[in-house]
Structures are given as C-alpha cells and as structure tokens.
Amino acid sequence: MIGATLVGIATSAIRLATPYLYAAIGEALGQLSGVLNLGVDGIMLMGAFSGFYVTLLTGHPTLGLLAAVGTGGLMGLLMAFVSVTLQAEQGISGIGLYLFGLGLSTLLFGMTVGTVKAVAGFPPTPIPGLSQIPILGEILFSHNPLVYGAFALVPLAWFVLNKTPFGLKLRAAGQNPLAADSLGVNVIRVRYVAVIIGGILSGIAGASLSIALLNVFQQNMTNGMGFIAVALVYFGGWRPLGVLAGAMLFSTVNAIQVWLQVQGVDIPSDFALMMPYVITILVLASMARRRIHVPAALNKPFERGGE
Amino acid sequence: MRGIVKRFPGVVANDHVDFEVRSGEIHALLGENGAGKSTLMKILYGMYRPDAGEILIDGERVRFRSPLDAIRRGIGMVHQHFMLVEPFTVAENVALGLPSSRRFVNDLDRVAARIRELAELYGFKVDPGAYIWQLSVGEQQRVEILKVLYRGASVLILDEPTAVLTPQEVEGLFRTLRRMKEEGHAIVFISHKLKEVLSISDRITVLRGGRVVGTIPAADATREELARMMVGREVVFRLERPEVEPGEVMLEIRDLWAMGDRGVPALRGVDLEVRAGEIVGLAGVSGNGQRELAEVIVGLRRPTRGRVQIGGTDVTGWPPAELIKLGLSYIPEERMRDGGVPEFSVEDNLVLKDHPFRPFSRGIFLNFPEIARYAERLIGDFDIRTPSRRTPLKSLSGGNIQKLILARELSRSPKVLIAAQPTRGLDVSATEYVRRRILEQRERGTATLLISDDLDEILSLSDRIAVIYEGRIMGVVRTEEADIEELGLMMAGAKSA
C-alpha cells in the first residue's frame with residue numbers, strides 16, 4: 001500500500017516537473033546570455049493556448065506542438081527585440097510581455113472556444129522494454145513524449161553550454177560581452193538566438209500542460225509557473241543539473257500536496273496549494289549566500305563604447 | 001593609417017593623423033590622456049569607424065566594420081582593461097569566438113596544446129586549464145597576448161600594458177615583446193611613461209590634442225625632448241623637496257586586520273607609523289590591501305583587530321564624521337565614486353565635508369554667500385578649470401576633479417592626509433600639480449600616507465617607503481637607501497633583508 005503510494009507520488013512528480021524543466025532551461029539559456037526574461041509565464045500561456053487550439057482544430061497534437069513552438073519563438077523574438085535591440089529595462093519589459101501573453105491568450109480563448117473543452121493530447125507512450133522494469137518502469141518510462149523530451153533536454157542543454165563553441169559564446173555574452181565582442185563574437189545575435197530558443201522552450205512548456213498533461217485550456221492556467229521557472233534558474237545556479245534538482249524538489253512537494261488533497265487529509269486546500277511556493281522561497285533564501293557564478297552582465301544591455 | 005579623423009561630440013579625438021608600423025618593429029605611441037592614442041588604435045582595431053582617412057595593410061586599402069574584420073587581417077589588441085571572461089579557463093578565453101576544428105564540439109584539448117607551444121616559443125609559462133580569476137594581473141596579461149598570438153596576428157597593439165605590472169613583470173613583458181619583434185611581428189606600444197617608451201621602442205610617435213607632433217627614432221630621443229613634445233612646454237622632473245625635520249608620530253597603526261569585500265582578510269596585521277611633516281609611500285601591486293587600509297583609516301571599513309591612532313588618540317572604529325573633525329583628510333582612489341557627488345555643483349562639492357560647521361552654516365540654514373565666496377577663492381587658488389562654481393562636478397575633466405578634491409581636502413589644514421592613487425589617470429601637467437601640492441603640505445607639517453601603484457611617484461615624493469604584500473608590510477626603507485630591485489622583490493612577496 002505504502003509502496004504503491006510512493007510510486008504514485010514519484011510518477012506524478014516526474015510528470016509535474018515537465019513544464020518547469022522546459023521553461024527553466026529555456027530561461028537559463030537567456031539569462032546565461034545576459035537577458036532576464038520575466039515574461040516566461042506569458043509565453044507559456046500563449047504556447048498553451050496555441051497548442052491547444054491547433055490540436056482542437058486538427059486533432060493532431062504534433063501540429064499543436066509546432067504551433068506552440070512557433071508562438072513561443074515569436075514571443076521570444078519580441079522580447080529579444082525590446083530588450084536587446086531597444087535596450088529596454090529587462091525586468092519591466094518582461095513583466096509587460098507576461099501581461100501581454102496573459103491578456104491575449106484569454107482574449108483569443110474567449111473568441112474562439114469560450115468554454116472548457118478537452119482535447120486528445122499526446123497519449124502515454126511507454127517505452128518498450130524499459131517500461132517493464134518493476135517500479136522504475138512505471139515511474140520513469142510510462143509517460144507521454146513531452147515528458148521524455150523535458151528530461152532529455154537537461155543533458156542536451158548541458159552539452160551545448162559546456163561542450164560547444166556556441167555554448168562558449170553564449171556564456172561569454174552573459175559574463176563579459178565587451179570581451180566577447182572584442183574577439184568578434186556577435187553578442188547581439190547570440191542574445192537573440194538564446195532568447196528565441198528560451199521562448200520556444202517556454203512555448204513547449206505551456207503546450208505540455210494543455211496537450212500532454214491536462215489536455216484542456218483555461219484562462220491563466222499556468223498559475224505563475226513561469227515565475228517559478230525563473231526562480232528555479234537562480235536555485236539551480238544557472239546549471240541544467242541544478243535546474244533539474246530544483247524542478248524535481250518543487251514537483252515532488254507539489255505531488256505530495258496533490259496526494260494529500262486527494263486523500264482528503266484535513267488541511268485547508270489553500271494552505272496545501274501554498275506549500276510548494278513557501279518551500280521555494282525558503283530554499284532560495286537559504287541559498288542566497290552561496291557563491292555561484294551569476295552571469296555578470298545579466299540585465300545589462302550591450303552596447304559598444306563610443307558609438 | 002593616413003589622414004585619420006575621428007570626432008566625438010565636442011572634441012576632435014584624431015585630427016588628420018598619419019601613423020605607420022613596420023614588421024619587426026616596436027613603435028611607441030606616446031601622449032597625455034585625451035591625446036587620442038587609444039582612439040587611433042581602436043580605429044585600427046575596428047572598434048570605431050573613422051570620420052575620414054584610410055587604413056592600408058601591406059599597401060592594400062581596408063575597411064573594418066568590427067574587430068572581427070581587423071582580426072582577419074592579422075591585427076590584435078591587448079586592451080588596457082583586460083577583455084577576459086573571469087569564470088572561464090585560459091583555453092576557453094583563447095578559443096572564444098574561433099571556429100572549432102571539430103565544428104559543433106569544442107576542441108579545447110587542441111587549443112591547450114597549441115597554447116603550450118606558443119608559450120614555449122615566446123618564453124613564458126601558462127596553464128591552459130587555470131581559471132582567469134585564479135591568475136595574477138601579469139599572468140592575465142599574458143593570456144591577452146596569447147589570445148592575439150593564437151589568432152596569428154602580425155600587428156599587435158598594446159594599450160598601456162605596464163600600468164598594472166610590477167617592475168619584474170614589466171621586464172618579463174619586455175622580453176616577450178622583443179622575442180615577438182624577432183619573429184617579425186609589428187608592435188604598437190601605447191604609453192605615457194617616458195622611461196619605458198625609451199627602453200623598449202624603435203620609433204616613437206607623439207600625439208598631442210589629437211594631432212601628431214612628430215615621429216622620431218628612439219635612439220635619438222631624450223626624456224626632456226619627448227616630454228616637451230607631449231605637453232607642449234618644458235616639464236620639470238625634479239621636484240623641490242626641502243629638508244623637513246619629521247615631528248611627532250601623527251598616524252600610528254598597530255597589528256591591523258580587516259576583511260576584504262570577498263570575505264577573506266585583506267589586511268593581516270599591518271604596522272605603520274607616519275610622523276608630522278613626513279610622507280610615507282605605500283608601494284605594492286594593486287589589490288594587496290592598499291584600498292582596504294585606506295578605508296579602515298578613514299572610517300569606511302571596520303577593522304577586525306588592531307588599532308589606529310591619530311595624534312595619540314585611539315580612533316579605531318570611529319565614524320568618518322568624527323575623524324574629519326579631528327583633522328583627517330582623504331584623497332580617495334575612486335575619485336568619481338568616493339571623492340564627490342557627480343551631480344552636485346562645484347561649490348557644493350567643495351563644502352561637502354565642512355558644510356555643517358561655521359561659517360558655512362548657521363543653525364539649520366546654509367550660509368550661501370559665504371559658501372560662494374569660499375568656492376570662488378578655492379577655484380582661484382587651486383586653478384580649477386570650470387565654467388562656473390555652479391557647474392556640476394561630472395562635467396569637469398579628471399584633472400580638474402582631482403584639483404577640486406585637493407582644494408577641499410588640503411584647505412582644511414589636515415593633520416593627517418591619506419592620498420590614494422592621487423595622480424592615477426591624470427596627464428603630465430595635472431600630475432605635476434598634484435605632486436607639488438602634496439609636497440607643500442609636507443612642509444606645513446602634515447603627516448601623509450601616499451598610496452600609489454606608480455613606483456616612480458612613490459620614489460619621488462616619499463621620505464620612507466613601506467611595501468605591502470597580501471595585507472602585510474614586507475619592509476620599510478628610507479627613500480635615499482631604496483633599491484628598486486629590492487622594492488620589486490618585496491612587492492612580489494619576498495621579505496626584506
């Protein structure tokens with residue numbers, strides 16, 4: 001009995017980590033290149049809506065995913081234009097982008113669908129062989145494709161950041177853009193690419209909710225997940241593995257919270273819902289004094305001197 | 001480079017400048033701050049675009065839109081402020097921006113091997129796997145040079161490369177440069193230090209006010225002649241230092257410990273005393289506790305152990321306001337950050353310290369007529385070039401800001417003066433002025449602690465020289481007995497004999 005409960009919580013923790021992983025890894029890329037994008041939540045909402053709506057129209061979640069990728073990329077492009085080219089204050093323009101995404105996704109949903117409707121999202125796709133392993137098979141290998149994608153993203157991001165010339169340029173743009181520029185690195189382009197990829201991943205994060213995990217769309221369905229993703233980037237010290245650890249901690253607390261509610265344990269539901277956020281704040285506060293390599297040029301627009 | 005013109009709002013930084021450098025030559029570019037040296041070289045390196053004029057390489061006309069274009073044509077630059085990514089390794093810094101031999105995967109192992117080869121060839125040591133923040137300033141500079149060599153540069157521009165080095169490190173750098181010259185590189189050496197320029201270069205071009213004053217072979221040049229070309233008038237190198245009998249100990253520091261900003265001790269038991277009418281020079285490579293020592297003395301940093309006495313009073317841990325009343329004056333290292341309020345007017349900055357006292361205030365009101373009279377007097381006495389006393393501080397030149405700080409600090413007849421890097425970044429004329437004023441103060445019986453990275457400055461002003469290394473005083477010598485080799489060794493951490 002206890003065993004089944006633990007497996008259930010672990011399985012749902014893996015599922016719940018999915019949107020956080022996409023969004024936080026995407027945000028980490030942008031921040032490492034020097035751009036703080038607080039609009040993640042807005043991009044997620046737009047990704048969630050576009051993925052949901054295209055899936056609803058066509059019946060193909062893959063097309064929905066492509067729509068979310070496109071929408072996320074466009075939102076990332078918008079953020080890059082405002083913060084890199086126009087050099088607007090990043091924190092403020094990110095909040096603007098969030099409100100824009102929140103408002104537009106609500107409006108479009110109201111105009112097109114209006115009521116709660118379910119779609120047939122990505123079905124669970126157990127991995128042949130691996131899913132037969134007792135316990136681990138159920139926890140790790142019986143999910144839908146977007147869940148696998150989220151976890152595959154962690155080593156992929158690590159590899160790109162640490163083992164490729166592009167990763168080197170990206171981190172240099174966030175640490176010392178002047179130095180990177182003096183070596184002929186196109187800082188503006190690197191930041192554009194990083195922020196657009198971040199937008200695409202946030203779009204997928206939103207779609208993972210609407211066409212893979214919950215298979216519905218609702219107004220403001222992310223409930224601030226995008227902001228948690230930003231916090232996870234700090235928590236993870238700008239490292240993919242750190243982000244993974246943070247996402248798992250957060251989703252595990254969340255899974256326990258859901259289980260407690262389902263069990264009808266007598267705690268106020270608002271309190272249970274609050275728990276993951278309280279834990280995030282506590283963990284972040286406890287780590288505030290830890291020495292990590294914050295991207296030194298985070299939040300600083302790049303401009304060559306004297307021009 | 002022919003007929004180069006570059007204008008910035010309000011100034012012509014380069015006014016029809018002609019400049020050339022040949023392979024196998026070290027060509028020095030000499031001039032005061034604002035003479036246009038760095039601007040000219042930034043144009044050559046593609047960082048700025050000239051308003052007029054042309055650049056020719058091997059006789060072929062080129063146009064650079066960015067540093068990348070310049071790098072492709074074999075031009076490399078070592079910047080005054082290093083362009084290194086601190087959390088990266090040496091190899092990562094060198095490889096940054098270059099295509100990898102494995103296309104989509106880094107080839108840092110191959111980069112490291114090539115770095116070792118180059119280091120071998122030019123005779124210096126470097127660990128490709130070390131992180132930049134672990135390296136000394138001299139080593140970091142070598143990484144900068146490596147970056148340029150790695151890219152196969154045939155023309156190497158060095159912008160004030162010796163400003164941050166110890167005498168021994170300068171020698172090491174010069175050996176490397178001579179080696180590079182033998183290999184057929186063309187080297188441009190930007191500096192305002194006459195001695196170095198004379199010892200390293202083959203030819204010297206002097207810039208003044210954005211124009212070329214002349215180009216002469218180093219073998220025919222003298223220090224006096226170059227200074228005249230730079231400044232436009234005769235410069236006195238020997239400053240008058242009349243005998244002053246030192247009086248009582250005015251500043252006494254015993255076993256002083258303090259934390260640096262990074263949470264490790266920056267001062268580890270400093271003992272030092274300065275007498276009335278005496279200048280004690282604190283020499284050392286920057287970052288060895290000089291800044292922290294000054295901040296502890298003036299009350300801006302709390303010591304963790306030890307004692308500071310001014311005129312026999314224990315003032316350890318006193319707030320700055322009390323120390324100011326006691327007669328302590330301070331010329332801070334970061335003059336724009338700690339020396340004044342950039343947005344405030346010249347007159348407000350002049351009474352920044354004394355405005356709560358008579359005659360500048362009466363009760364809760366400021367006495368504006370008196371402040372204005374006082375400001376006008378100081379502007380005249382200290383020759384502060386400003387459009388008016390109401391002009392904001394930030395629109396003054398560096399030299400005039402320093403004159404303003406001197407005016408405020410010295411006109412209070414200080415008992416103890418802490419002067420941190422008082423001539424850093426100033427041109428020859430302003431430097432001469434500041435040094436003269438500090439010497440004047442000595443004759444009036446002020447006890448002065450002079451903190452400077454410039455060993456020549458310390459040698460020409462101080463009565464005694466203390467050398468600081470990693471938060472400890474390595475030795476104190478009388479200036480007339482000082483040996484520059486020995487000072488250099490102490491600056492690098494060797495105990496005095």
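What you see below is based on every heavy atom in this structure, not just the backbone, and it leaves out hydrogens, waters and symmetry mates. Sequence lines set the chain letters: A, B, ... in the order given, protein chains first and strands last, and positions in each chain run from 1.
- With a threshold of 4.5 angstrom between heavy atoms, Leu84(B) approaches chain A through N, CA, C or O but not through any side-chain atom.
- In this structure the side chain of Arg171(A) never reaches within 4.5 angstrom of the side chain of Val85(B), judged on heavy atoms.
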Sequence neighbours excluded and cut-off under 3.5 Å, please list the side-chain donor-acceptor pairs for residues 243-251 of chain A, or say none.
| unit_1 | atom_1 | unit_2 | atom_2 | d |
| --- | --- | --- | --- | --- |
| Ser251(A) | OG | Ala13(A) | O | 2.9 |
| Ser251(A) | OG | Ala247(A) | O | 3.1 |
| Ser251(A) | OG | Met248(A) | O | 3.3 |

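- Ranked by heavy-atom pairs under 4.5 Å with chain A, the list Asn106(B), Leu68(B), Val148(B) is led by Asn106(B).
- Contact of Phe104(B) with chain A is made through the backbone alone, with heavy-atom distances under 4.5 Å.
- Residue Phe166(A): no heavy atom, backbone or side chain, is found under 4.5 Å from chain B.
- Proximity to chain A is absent for every atom of Arg102(B), based on heavy atoms less than 4.5 angstrom apart.
- For Asn93(B), the part lying under 4.5 angstrom from a heavy atom of chain A is the backbone only.
- Applying the side chain to side chain donor-acceptor pair (under 3.5 Å) rule to pairs touching residues 17-38 of chain A yields Glu27(A)-Gln31(A), Gln31(A)-Trp238(A), sequence neighbours excluded.
- Arg110(B) CZ: more than 12 foreign heavy atoms inside a 6.0 Å radius.
- With a 4.5 Å cut-off on non-hydrogen atoms, Asn162(A) touches chain B through its backbone but not through its side chain.
- Within a 6.0 Å sphere centred on OH of Tyr148(A), other residues, nucleotides and ligands contribute more than 12 heavy atoms.
- Open room surrounds CZ on Arg302(B); 12 or fewer heavy atoms of other groups in view lie less than 6.0 Å from it.
- Atom-to-atom distance recorded for Asn176(A):CG and Met83(B):CE is 7.0 Å, nearest 0.5 angstrom.
- Here the CG atom belonging to Leu183(A) is positioned 4.5 Å from the CZ atom belonging to Arg151(B), to the nearest 0.5 angstrom.
- Between Leu168(A) and Glu92(B), some side-chain heavy-atom pair lies under the 4.5 Å cut-off.
- Chain A forms more heavy-atom pairs under 4.5 Å with one residue of Val105(B), Asp69(B), Leu96(B) than with any other, namely Leu96(B).
- For a residue to count as touching a neighbouring chain, one of its non-hydrogen atoms must lie under 4.5 Å from one of that chain's; by this rule Lys42(B) does not touch chain A.
- To the nearest 0.5 Å, atoms CD1 (Ile71(B)) and OG (Ser182(A)) are separated by 7.0 Å.
- For Ala70(B), no part lies under 4.5 angstrom from a heavy atom of chain A.
- When the shell of 6.0 Å around CZ of Arg211(B) is examined, it contains 12 or fewer heavy atoms from other residues, nucleotides or ligands.
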